[in-house]
Structure formats: structure tokens, C-alpha cells
**Q** 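The structure that follows is given in the form of C-alpha cells.
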Amino acid sequence: MKKILRTCIICKAKFEQKELLRLKCEDKKLSLYDNKGRSFYICSECKVNLQLDINGKDYKKFEKSLCKECKNKDKYVTQLKEMLRDVR
């Protein structure tokens with residue numbers, strides 16, 4: 001059986017779905033995917049990098065990817081950091 005791979009929106013690496021965090025953007029808010037609407041994936045390495053208080057170039061990369069996925073500009077990196085802190 002062929003494994004279905006998904007792509008991390010930050011680093012563009014491909015992983016099995018179970019290895020990724022699945023999120024969605026709704027009404028300018030990030031949330032865990034609830035089987036409704038469009039979703040996107042973030043790998044565990046990118047999650048760790050985000051939690052290590054990235055800055056500069058890396059922060060811009062996260063911000064650009066999240067804004068592109070959510071189709072507007074907002075404080076998505078901050079929201080994602082808060083979500084990851086609460087998920088632990």
C-alpha cells in the first residue's frame with residue numbers, strides 16, 4: 001500500500017500525515033483541524049524551531065508561509081506559538 005505524504009508549509013519537506021500537526025485558519029484565527037474546511041500541515045522540526053524563539057529570517061519565513069496559507073496578514077506566528085504552548 002502506497003503511503004500518502006503531506007507537505008509542511010514552512011520547510012516544504014514531505015512526511016506521513018501522522019507525523020504532522022494539522023491546522024486550519026478560520027476568521028483570522030488558527031486552530032487545530034476539526035474536519036471542516038481547508039487545512040495545512042507543520043512538521044515537528046518546524047514546531048521546535050518556532051518554540052526556540054526564532055527571529056529575523058526564520059520568523060519571516062514562518063510569517064510568510066502562514067499568511068499565504070490563511071490568505072491575509074495577521075499575527076499568525078504569535079497565535080501558533082501560543083497554541084503550541086497550550087498543546088503540551
Side-chain angles (χ1 to χ4, degrees):
M1 186 172 158
K2 188 175 179 182
K3 293 181 182 177
I4 298 173
L5 299 178
R6 301 287 186 246
T7 303
C8 171
I9 64 162
I10 310 296
C11 66
K12 307 295 188 219
K14 298 204 180 289
F15 300 91
E16 284 188 53
Q17 189 174 357
K18 64 183 177 190
E19 299 174 44
L20 299 164
L21 175 64
R22 190 172 187 183
L23 301 168
K24 74 174 191 171
C25 188
E26 189 173 57
D27 300 325
K28 294 190 175 188
K29 296 265 192 262
L30 286 179
S31 60
L32 294 174
Y33 185 65
D34 61 0
N35 295 321
K36 293 179 189 145
R38 295 181 54 83
S39 64
F40 55 92
Y41 299 90
I42 297 178
C43 71
S44 55
E45 187 174 329
C46 288
K47 286 190 313 192
V48 169
N49 289 342
L50 180 64
Q51 291 170 324
L52 293 175
D53 273 339
I54 57 169
N55 54 23
K57 185 178 157 189
D58 287 334
Y59 184 88
K60 289 280 187 199
K61 185 176 179 181
F62 272 85
E63 186 176 51
K64 183 179 176 185
S65 297
L66 288 167
C67 288
K68 182 179 177 185
E69 206 57 47
C70 294
K71 296 181 178 30
N72 61 50
K73 294 198 182 289
D74 209 346
K75 306 251 183 277
Y76 294 114
V77 177
T78 306
Q79 286 183 39
L80 182 57
K81 278 184 164 186
E82 289 170 4
M83 281 180 64
L84 294 174
R85 204 172 306 128
D86 293 341
V87 168
R88 285 187 188 176

**Q** Please report the interatomic distance SG(Cys25) to CG(Leu66), rounded to the nearest 0.5 Å.
**A**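 Taking SG in Cys25 and CG in Leu66, the distance rounds to 8.5 Å.
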**Q** Would a 4.5 Å heavy-atom cut-off, applied to side chains only, mark Leu32 and Leu23 as touching?
**A**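 Result yes, sub-4.5 Å side-chain heavy-atom pair found.
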**Q** Give a yes or no on whether Tyr59 and Leu84 share a hydrophobic cluster (residues Ile, Leu, Val, Met, Phe, Trp, Tyr; joining criterion: side-chain heavy atoms under 4.5 Å apart).
**A**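 Yes; tracing contacts between hydrophobic side chains, which count when under 4.5 Å, links both residues.
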**Q** Hey, are the side chains of Leu50 and Ile10 touching, using non-hydrogen atoms and a 4.5 Å cut-off?
**A** no
**Q** Can you establish whether the number of heavy atoms outside Lys18 located under 6.0 Å from its atom NZ is more than 12?
**A**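 Incorrect, the count does not exceed 12.
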**Q** Okay, side chain of Gln17, backbone of Arg22: is any donor-acceptor separation there less than 3.5 Å?
**A**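 Looks like no, no N/O pair under 3.5 Å.
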**Q** Apply side-chain contact (heavy atoms from CB on, under 4.5 Å) to the pair Cys46 and Ile9, showing each step before the final yes or no.
**A** CA-CA 9 Å; Cys46 288; Ile9 64 162; over 6 Å; no
**Q** How about Lys28 and Tyr76: do any of their side-chain heavy atoms sit closer than 4.5 Å?
**A**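 Sidechains of Tyr76 and Lys28: in contact.
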**Q** Is there a continuous path of hydrophobic side-chain contacts, each under 4.5 Å between heavy atoms, that joins Met83 to Tyr41?
**A** no
**Q** At what distance, to the nearest 0.5 angstrom, does CG of Leu30 lie from NZ of Lys81?
**A** 13.5 Å
**Q** Atom SG in Cys11, atom NZ in Lys61: separation rounded to 0.5 Å?
**A**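 Reported to 0.5 Å precision, the distance equals 6.5 Å.
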**Q** What is the distance from atom OH of Tyr33 to atom CD of Glu26, rounded to the nearest 0.5 Å?
**A**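 Going from the OH atom of Tyr33 to the CD atom of Glu26 covers 10.5 Å.
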**Q** Side-chain contact test, heavy atoms from C-beta onward, threshold under 4.5 Å: evaluate it for Ile42 versus Leu80 and give yes or no.
**A**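 Heavy-atom side-chain distance check passes, below 4.5 Å.
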**Q** In this structure, are over 12 heavy atoms from other groups packed under 6.0 Å from Glu45 atom CD?
**A** no
**Q** Which value, rounded to the nearest 0.5 Å, describes the distance between Arg85 atom CZ and Gln51 atom CD?
**A**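 One finds 8.5 Å between CZ of Arg85 and CD of Gln51.
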**Q** What's the spacing between Ser44 OG and Leu20 CG if we round to 0.5 Å?
**A**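 So the gap between those two atoms works out to 7.5 Å.
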**Q** May I ask you to decide if Lys36's main-chain N or O and Lys24's side chain share a donor-acceptor pair within less than 3.5 Å?
**A** yes
